[in-house]
Protein chains: 2
Amino acid sequence: MNEALRVLREHLKRAGLKRTSQREAILRIFLELPDFLSVDEIARAVGARDRRIGMSTVYRSLKLFVEAGLAREHHFLTGRTTFEKSGGGGGRNYLICTRCHRVQPFEDPLIEAVRDKVCRGLSFTPDFNRLEVYGLCSRCRGPAAEED
Amino acid sequence: MNEALRVLREHLKRAGLKRTSQREAILRIFLELPDFLSVDEIARAVGARDRRIGMSTVYRSLKLFVEAGLAREHHFLTGRTTFEKSGGGGGRNYLICTRCHRVQPFEDPLIEAVRDKVCRGLSFTPDFNRLEVYGLCSRCRGPAAEED
DNA sequence: TTATTTGCAAAAGTTTTGCACTGTA
DNA sequence: TACAGTGCAAAACTTTTGCAAATAA
(Lines give C-alpha, C1' and ligand atoms only; values in the text may rest on other atoms or scores of the structure.)
Protein backbone atom coordinates (compact mmCIF):
# COMPACT_ATOMS: atom_id res chain seq x y z
CA MET A 1 0.00 0.00 0.00
CA ASN A 2 0.98 3.55 -0.60
CA GLU A 3 3.64 4.93 1.70
CA ALA A 4 2.86 8.57 0.86
CA LEU A 5 -0.79 8.06 1.71
CA ARG A 6 0.27 6.79 5.09
CA VAL A 7 2.44 9.85 5.62
CA LEU A 8 -0.47 12.11 4.69
CA ARG A 9 -2.86 10.38 7.09
CA GLU A 10 -0.29 10.53 9.82
CA HIS A 11 0.24 14.23 9.23
CA LEU A 12 -3.50 14.91 9.24
CA LYS A 13 -3.98 13.08 12.49
CA ARG A 14 -1.08 14.85 14.16
CA ALA A 15 -2.40 18.24 13.03
CA GLY A 16 -5.99 17.51 13.97
CA LEU A 17 -7.11 17.77 10.36
CA LYS A 18 -9.53 15.60 8.49
CA ARG A 19 -8.99 12.86 6.00
CA THR A 20 -11.01 13.62 2.91
CA SER A 21 -11.46 11.89 -0.40
CA GLN A 22 -10.32 15.01 -2.24
CA ARG A 23 -7.01 15.18 -0.43
CA GLU A 24 -6.26 11.56 -1.08
CA ALA A 25 -7.36 11.74 -4.69
CA ILE A 26 -5.18 14.77 -5.33
CA LEU A 27 -2.23 13.09 -3.67
CA ARG A 28 -2.66 9.94 -5.75
CA ILE A 29 -2.78 11.93 -8.97
CA PHE A 30 0.09 14.18 -7.93
CA LEU A 31 2.28 11.14 -7.33
CA GLU A 32 1.67 9.85 -10.83
CA LEU A 33 2.42 13.12 -12.61
CA PRO A 34 5.89 14.25 -13.68
CA ASP A 35 7.71 16.64 -11.37
CA PHE A 36 7.97 20.40 -11.81
CA LEU A 37 4.45 21.01 -13.00
CA SER A 38 2.60 24.21 -12.19
CA VAL A 39 -0.47 24.31 -9.99
CA ASP A 40 -2.52 24.90 -13.07
CA GLU A 41 -1.18 21.79 -14.77
CA ILE A 42 -1.73 19.71 -11.66
CA ALA A 43 -5.24 21.08 -11.27
CA ARG A 44 -5.98 20.24 -14.88
CA ALA A 45 -4.89 16.65 -14.34
CA VAL A 46 -7.02 16.44 -11.22
CA GLY A 47 -9.98 17.93 -13.04
CA ALA A 48 -9.65 15.36 -15.81
CA ARG A 49 -10.22 12.58 -13.30
CA ASP A 50 -12.79 14.32 -11.17
CA ARG A 51 -14.15 17.59 -12.45
CA ARG A 52 -15.89 18.31 -9.18
CA ILE A 53 -12.62 19.07 -7.38
CA GLY A 54 -12.03 22.80 -7.41
CA MET A 55 -8.89 24.79 -7.99
CA SER A 56 -8.81 26.10 -4.43
CA THR A 57 -8.80 22.59 -3.06
CA VAL A 58 -5.82 21.78 -5.23
CA TYR A 59 -3.98 24.84 -3.93
CA ARG A 60 -4.85 23.99 -0.36
CA SER A 61 -3.85 20.36 -0.75
CA LEU A 62 -0.50 21.11 -2.35
CA LYS A 63 0.33 23.41 0.53
CA LEU A 64 -0.64 20.61 2.86
CA PHE A 65 1.61 18.14 1.05
CA VAL A 66 4.54 20.52 1.44
CA GLU A 67 3.86 20.76 5.17
CA ALA A 68 3.66 16.98 5.38
CA GLY A 69 7.03 16.71 3.64
CA LEU A 70 5.51 15.01 0.61
CA ALA A 71 6.19 17.78 -1.86
CA ARG A 72 8.65 20.57 -2.48
CA GLU A 73 7.71 23.91 -3.91
CA HIS A 74 9.99 25.59 -6.43
CA HIS A 75 10.32 29.00 -8.03
CA PHE A 76 12.94 28.56 -10.69
CA LEU A 77 14.00 31.22 -13.18
CA THR A 78 10.55 32.35 -14.06
CA GLY A 79 9.00 32.74 -10.65
CA ARG A 80 6.33 30.33 -11.75
CA THR A 81 5.45 28.01 -8.87
CA THR A 82 6.09 24.34 -9.54
CA PHE A 83 5.95 21.22 -7.39
CA GLU A 84 8.10 18.17 -6.98
CA LYS A 85 7.43 14.95 -5.12
CA SER A 86 9.84 14.66 -2.24
CA GLY A 87 11.11 11.52 -0.65
CA GLY A 88 13.66 11.76 2.17
CA GLY A 89 15.07 14.87 3.81
CA GLY A 90 18.06 17.07 3.09
CA GLY A 91 18.56 19.46 0.25
CA ARG A 92 18.36 18.87 -3.42
CA ASN A 93 20.13 20.24 -6.37
CA TYR A 94 18.98 20.94 -9.87
CA LEU A 95 20.36 21.40 -13.35
CA ILE A 96 17.95 23.64 -15.20
CA CYS A 97 18.26 23.98 -18.96
CA THR A 98 17.71 27.60 -19.93
CA ARG A 99 16.67 26.55 -23.40
CA CYS A 100 14.22 23.67 -22.99
CA HIS A 101 13.48 24.32 -19.31
CA ARG A 102 13.94 20.70 -18.40
CA VAL A 103 14.99 20.18 -14.78
CA GLN A 104 17.28 17.39 -13.71
CA PRO A 105 17.79 16.84 -9.99
CA PHE A 106 21.02 15.49 -8.61
CA GLU A 107 22.60 14.87 -5.25
CA ASP A 108 26.11 15.43 -4.07
CA PRO A 109 27.23 15.17 -0.46
CA LEU A 110 30.10 17.58 -1.09
CA ILE A 111 27.62 20.41 -1.35
CA GLU A 112 26.36 19.78 2.14
CA ALA A 113 29.96 19.71 3.33
CA VAL A 114 30.68 23.10 1.80
CA ARG A 115 27.44 24.42 3.16
CA ASP A 116 28.28 23.34 6.68
CA LYS A 117 31.70 24.90 6.50
CA VAL A 118 30.30 28.24 5.34
CA CYS A 119 27.45 28.18 7.86
CA ARG A 120 29.82 27.56 10.74
CA GLY A 121 31.86 30.55 9.68
CA LEU A 122 28.80 32.80 9.49
CA SER A 123 26.90 31.53 12.55
CA PHE A 124 24.01 30.36 10.45
CA THR A 125 22.02 27.22 11.31
CA PRO A 126 21.10 25.52 8.03
CA ASP A 127 17.83 23.70 7.66
CA PHE A 128 17.70 22.79 4.01
CA ASN A 129 19.33 24.01 0.86
CA ARG A 130 19.15 23.84 -2.85
CA LEU A 131 21.67 24.46 -5.56
CA GLU A 132 20.28 25.63 -8.87
CA VAL A 133 22.61 25.38 -11.83
CA TYR A 134 21.41 27.07 -15.01
CA GLY A 135 22.90 26.19 -18.36
CA LEU A 136 22.40 23.96 -21.38
CA CYS A 137 21.59 20.28 -21.24
CA SER A 138 23.42 17.94 -23.59
CA ARG A 139 20.49 17.78 -25.96
CA CYS A 140 20.23 21.55 -26.32
CA ARG A 141 23.94 22.13 -26.55
CA GLY A 142 24.49 19.37 -29.11
CA PRO A 143 25.28 20.05 -32.80
CA ALA A 144 21.61 19.71 -33.84
CA ALA A 145 20.43 22.41 -31.47
CA GLU A 146 20.87 25.57 -33.48
CA GLU A 147 17.24 26.58 -33.54
CA ASP A 148 15.55 28.28 -30.59
CA MET B 1 31.56 58.65 -12.74
CA ASN B 2 29.15 55.77 -12.45
CA GLU B 3 30.36 52.48 -13.82
CA ALA B 4 26.89 50.93 -13.92
CA LEU B 5 25.57 53.84 -15.95
CA ARG B 6 28.30 53.20 -18.46
CA VAL B 7 27.34 49.53 -18.65
CA LEU B 8 23.72 50.48 -19.22
CA ARG B 9 24.55 52.91 -22.01
CA GLU B 10 26.80 50.36 -23.62
CA HIS B 11 24.07 47.76 -23.47
CA LEU B 12 21.51 50.13 -24.95
CA LYS B 13 23.78 51.04 -27.80
CA ARG B 14 24.59 47.43 -28.56
CA ALA B 15 20.90 46.51 -28.57
CA GLY B 16 19.82 49.50 -30.61
CA LEU B 17 17.76 50.85 -27.74
CA LYS B 18 17.42 54.40 -26.59
CA ARG B 19 18.92 56.18 -23.67
CA THR B 20 16.18 57.83 -21.67
CA SER B 21 16.08 59.88 -18.52
CA GLN B 22 13.70 57.40 -16.88
CA ARG B 23 16.01 54.45 -17.39
CA GLU B 24 18.94 56.30 -15.95
CA ALA B 25 16.93 57.68 -13.05
CA ILE B 26 15.59 54.25 -12.16
CA LEU B 27 19.08 52.78 -12.34
CA ARG B 28 20.50 55.46 -10.09
CA ILE B 29 17.80 54.92 -7.49
CA PHE B 30 18.03 51.14 -7.76
CA LEU B 31 21.75 51.30 -7.03
CA GLU B 32 21.17 53.22 -3.83
CA LEU B 33 18.49 50.93 -2.45
CA PRO B 34 19.15 47.81 -0.40
CA ASP B 35 19.12 44.51 -2.22
CA PHE B 36 16.27 42.01 -2.33
CA LEU B 37 13.46 44.52 -2.60
CA SER B 38 10.30 43.73 -4.54
CA VAL B 39 9.32 45.57 -7.69
CA ASP B 40 6.67 47.32 -5.73
CA GLU B 41 9.16 48.60 -3.17
CA ILE B 42 11.53 49.74 -5.89
CA ALA B 43 8.71 51.44 -7.74
CA ARG B 44 7.68 53.22 -4.56
CA ALA B 45 11.19 54.56 -4.09
CA VAL B 46 11.27 55.70 -7.69
CA GLY B 47 7.89 57.35 -7.35
CA ALA B 48 9.05 59.24 -4.29
CA ARG B 49 11.72 60.94 -6.36
CA ASP B 50 9.72 61.39 -9.52
CA ARG B 51 6.06 60.59 -9.36
CA ARG B 52 5.70 60.81 -13.10
CA ILE B 53 7.54 57.54 -13.68
CA GLY B 54 5.02 54.75 -14.04
CA MET B 55 5.03 51.23 -12.67
CA SER B 56 5.32 49.67 -16.11
CA THR B 57 8.47 51.61 -16.82
CA VAL B 58 9.97 50.28 -13.60
CA TYR B 59 9.09 46.73 -14.61
CA ARG B 60 10.52 47.24 -18.07
CA SER B 61 13.69 48.85 -16.76
CA LEU B 62 14.40 46.16 -14.20
CA LYS B 63 14.11 43.55 -16.90
CA LEU B 64 16.52 45.60 -18.95
CA PHE B 65 18.99 45.80 -16.09
CA VAL B 66 18.92 42.03 -15.76
CA GLU B 67 19.67 41.69 -19.47
CA ALA B 68 22.51 44.16 -19.13
CA GLY B 69 23.95 42.15 -16.26
CA LEU B 70 23.37 44.94 -13.77
CA ALA B 71 20.77 43.13 -11.69
CA ARG B 72 19.78 39.65 -10.66
CA GLU B 73 16.22 38.51 -10.24
CA HIS B 74 15.32 36.19 -7.37
CA HIS B 75 12.35 34.12 -6.33
CA PHE B 76 13.19 32.91 -2.88
CA LEU B 77 10.89 30.92 -0.62
CA THR B 78 7.80 32.92 -1.33
CA GLY B 79 7.88 33.21 -5.06
CA ARG B 80 7.83 36.94 -4.64
CA THR B 81 10.13 38.57 -7.19
CA THR B 82 13.03 40.52 -5.73
CA PHE B 83 16.07 42.17 -7.26
CA GLU B 84 19.72 42.41 -6.35
CA LYS B 85 22.44 44.62 -7.78
CA SER B 86 24.99 42.44 -9.51
CA GLY B 87 28.62 43.19 -9.96
CA GLY B 88 30.84 40.64 -11.71
CA GLY B 89 29.86 37.30 -13.23
CA GLY B 90 29.60 33.80 -11.84
CA GLY B 91 27.11 32.41 -9.42
CA ARG B 92 26.13 33.62 -6.05
CA ASN B 93 25.01 31.95 -2.94
CA TYR B 94 22.59 32.98 -0.26
CA LEU B 95 21.77 32.26 3.34
CA ILE B 96 18.09 33.00 3.81
CA CYS B 97 16.66 33.20 7.30
CA THR B 98 13.29 31.49 7.38
CA ARG B 99 12.26 33.55 10.38
CA CYS B 100 13.24 37.15 9.62
CA HIS B 101 13.65 36.67 5.86
CA ARG B 102 16.97 38.44 5.83
CA VAL B 103 19.22 37.36 2.95
CA GLN B 104 22.98 37.20 3.26
CA PRO B 105 24.99 36.52 0.12
CA PHE B 106 28.28 34.68 0.23
CA GLU B 107 30.80 33.28 -2.16
CA ASP B 108 32.75 30.07 -2.08
CA PRO B 109 34.86 28.75 -4.92
CA LEU B 110 34.39 25.18 -3.73
CA ILE B 111 30.80 25.30 -4.86
CA GLU B 112 31.84 26.04 -8.40
CA ALA B 113 34.30 23.16 -8.20
CA VAL B 114 31.60 20.72 -7.13
CA ARG B 115 29.30 22.11 -9.77
CA ASP B 116 31.85 21.54 -12.52
CA LYS B 117 32.50 18.01 -11.41
CA VAL B 118 28.79 17.15 -11.44
CA CYS B 119 28.18 18.90 -14.75
CA ARG B 120 30.97 17.02 -16.42
CA GLY B 121 29.46 13.76 -15.26
CA LEU B 122 26.01 14.69 -16.59
CA SER B 123 27.02 16.42 -19.84
CA PHE B 124 25.56 19.70 -18.74
CA THR B 125 27.13 23.03 -19.67
CA PRO B 126 26.75 25.36 -16.70
CA ASP B 127 26.19 29.05 -17.21
CA PHE B 128 25.51 30.38 -13.72
CA ASN B 129 24.36 28.90 -10.47
CA ARG B 130 23.03 29.80 -7.12
CA LEU B 131 22.96 27.99 -3.84
CA GLU B 132 20.13 28.86 -1.51
CA VAL B 133 20.55 27.79 2.08
CA TYR B 134 17.48 28.18 4.28
CA GLY B 135 17.77 28.20 8.04
CA LEU B 136 18.09 30.50 11.02
CA CYS B 137 20.48 33.43 11.24
CA SER B 138 22.42 33.94 14.44
CA ARG B 139 20.08 36.66 15.60
CA CYS B 140 16.97 34.55 15.20
CA ARG B 141 18.48 31.40 16.65
CA GLY B 142 19.97 33.18 19.66
CA PRO B 143 18.60 32.77 23.20
CA ALA B 144 16.44 35.91 22.94
CA ALA B 145 14.60 34.64 19.89
CA GLU B 146 11.83 32.60 21.42
CA GLU B 147 8.94 34.64 20.07
CA ASP B 148 7.74 34.31 16.50
C1' DT C 1 -23.35 17.22 16.71
C1' DT C 2 -19.51 20.15 15.79
C1' DA C 3 -15.68 21.76 13.56
C1' DT C 4 -13.29 21.24 9.28
C1' DT C 5 -13.41 21.10 4.32
C1' DT C 6 -15.16 22.04 -0.05
C1' DG C 7 -16.62 24.59 -4.28
C1' DC C 8 -17.78 28.58 -6.12
C1' DA C 9 -17.22 33.14 -7.10
C1' DA C 10 -15.30 37.26 -5.84
C1' DA C 11 -11.26 39.67 -4.29
C1' DA C 12 -6.48 40.63 -4.07
C1' DG C 13 -1.98 40.77 -5.91
C1' DT C 14 1.32 40.75 -9.56
C1' DT C 15 2.85 41.36 -14.23
C1' DT C 16 1.88 42.37 -19.03
C1' DT C 17 -0.17 44.86 -22.83
C1' DG C 18 -2.64 48.18 -26.05
C1' DC C 19 -2.48 52.66 -27.41
C1' DA C 20 -1.98 57.55 -28.01
C1' DC C 21 1.62 60.69 -26.94
C1' DT C 22 6.49 61.94 -26.08
C1' DG C 23 11.24 62.04 -26.80
C1' DT C 24 15.71 60.16 -28.70
C1' DA C 25 18.73 59.44 -32.53
C1' DT D 1 11.37 62.18 -39.40
C1' DA D 2 11.02 57.53 -37.84
C1' DC D 3 10.80 54.57 -34.32
C1' DA D 4 11.54 53.26 -29.56
C1' DG D 5 9.85 54.48 -24.91
C1' DT D 6 6.49 56.21 -21.63
C1' DG D 7 2.25 56.51 -18.83
C1' DC D 8 -2.07 55.15 -18.07
C1' DA D 9 -5.62 52.06 -17.68
C1' DA D 10 -7.26 47.74 -18.87
C1' DA D 11 -6.34 42.93 -19.31
C1' DA D 12 -4.26 38.65 -17.99
C1' DC D 13 -2.60 35.75 -14.61
C1' DT D 14 -1.92 33.65 -10.17
C1' DT D 15 -3.23 32.94 -5.55
C1' DT D 16 -6.21 33.80 -1.58
C1' DT D 17 -10.56 34.36 0.81
C1' DG D 18 -15.60 34.64 2.33
C1' DC D 19 -19.37 31.92 2.74
C1' DA D 20 -23.09 28.51 2.46
C1' DA D 21 -23.46 23.69 1.92
C1' DA D 22 -21.32 19.14 2.60
C1' DT D 23 -18.73 15.92 5.31
C1' DA D 24 -15.58 13.62 8.62
C1' DA D 25 -14.86 12.57 13.46
Side-chain angles (χ1 to χ4, degrees), chain A residues 5 8-30 36-68 71 73-83, chain B residues 5 8-30 36-68 71-83 101:
Chain A
L5 204 53
L8 176 62
R9 290 182 181 173
E10 180 59 31
H11 176 80
L12 292 173
K13 189 179 293 174
R14 231 180 310 128
L17 302 174
K18 288 174 177 169
R19 177 177 148 186
T20 70
S21 63
Q22 289 92 331
R23 283 170 175 167
E24 301 202 339
I26 293 170
L27 179 58
R28 251 185 243 104
I29 295 166
F30 173 64
F36 309 113
L37 296 186
S38 68
V39 181
D40 188 61
E41 291 166 317
I42 296 168
R44 225 194 309 280
V46 168
R49 294 250 209 125
D50 183 347
R51 72 177 53 253
R52 325 196 50 203
I53 296 181
M55 185 72 150
S56 23
T57 301
V58 174
Y59 267 100
R60 293 187 270 229
S61 297
L62 286 169
K63 183 173 289 184
L64 191 66
F65 300 163
V66 171
E67 285 164 10
E73 184 177 333
H74 297 284
H75 305 276
F76 294 129
L77 271 188
T78 59
R80 189 183 200 196
T81 308
T82 59
F83 288 86
Chain B
L5 204 53
L8 176 61
R9 290 182 180 173
E10 181 58 32
H11 176 80
L12 292 172
K13 190 178 294 174
R14 231 181 310 127
L17 302 174
K18 287 173 179 169
R19 177 178 148 186
T20 70
S21 63
Q22 288 93 332
R23 282 170 176 169
E24 301 200 340
I26 293 170
L27 178 59
R28 251 185 244 104
I29 295 166
F30 172 65
F36 310 114
L37 296 185
S38 67
V39 181
D40 188 61
E41 292 167 315
I42 296 169
R44 225 193 308 280
V46 168
R49 294 250 209 125
D50 183 347
R51 72 178 52 254
R52 325 196 51 205
I53 297 182
M55 185 72 150
S56 23
T57 302
V58 175
Y59 267 99
R60 292 187 271 230
S61 297
L62 286 169
K63 184 174 289 185
L64 191 66
F65 300 164
V66 171
E67 287 165 7
R72 292 182 216 264
E73 184 177 334
H74 297 285
H75 305 276
F76 294 128
L77 272 188
T78 60
R80 190 182 199 195
T81 308
T82 60
F83 288 86
H101 299 118

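All figures in this text were calculated on a predicted structure; none of them were measured in a lab. Atoms considered below: every heavy atom in the structure, side chains included; atoms not considered: hydrogens, waters and symmetry mates.
- Residue order along DNA chain D, read from the 5' end via each residue's closest nucleotide, puts B/K18 first among B/K18 and B/S61.
- In this structure, NZ of B/K13 is placed 16 Å from P of C/dT24, rounded to the nearest angstrom.
- When the P atom of C/dC21 is taken as reference, atom CZ of B/R52 falls 16 Å away, rounded to whole Å.
- When rounded to the nearest whole Å, the span between CZ of A/R23 and P of C/dG7 equals 11 Å.
- At whole-Å resolution of the value, CD in A/Q22 and P in C/dT6 are 5 Å apart.
- In this structure, A/L12 atom CG and D/dT23 atom C1' are separated by 14 Å, rounded to whole Å.
- Side-chain atoms of B/E10 and B/R14, non-hydrogen and from C-beta on, do get closer than 4.5 Å to each other.
- Whole-Å rounding puts the B/L8 CG to C/dT24 P distance at 15 Å.
- What separates CG of A/L17 from P of D/dA25 is a distance of 11 Å, to the nearest Å.
- When distances are taken from the side chain of B/T20 to each of D/dC3, D/dA24, D/dT6, the shortest belongs to D/dT6.
- Aromatic ring pairs are classed by plane angle as parallel below 30°, tilted from 30° to 60° and perpendicular above 60°; the pair A/H74 and A/F36 is tilted.
- For the atom pair CD1 (A/I26) and CD1 (A/I53), the distance works out to 5.0 Å, reported to the nearest 0.5 Å.
- Between A/L8 and A/L64, some side-chain heavy-atom pair lies under the 4.5 Å cut-off.
- If you measure from atom CZ of B/R19 to atom C1' of D/dT6, you get 18 Å, rounded to the nearest angstrom.
- Contact of the B/V46 side chain with the B/D50 side chain is not registered, since no non-hydrogen atoms from C-beta on lie closer than 4.5 Å.
- Checking the phosphate oxygens (OP1, OP2) of D/dT23, no side-chain nitrogen or oxygen of A/S21 falls inside 4.0 Å.
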Open item on the list: Output one letter per nucleotide in nucleotides 12-17 of chain D: B when a protein non-hydrogen atom lies under 4.0 Å from the base, S when only the sugar-phosphate is that close, - when neither is.
Closed with: --SBBB
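- With a 4.5 Å cut-off on side-chain heavy atoms, A/M55 and A/D40 count as touching.
- Distances shown here put a side-chain N or O of B/T57 below 4.0 Å from the OP1 or OP2 atom of D/dG7.
- Here the side chains of B/E24 and B/R9 are in contact, with some heavy-atom distance below 4.5 Å.
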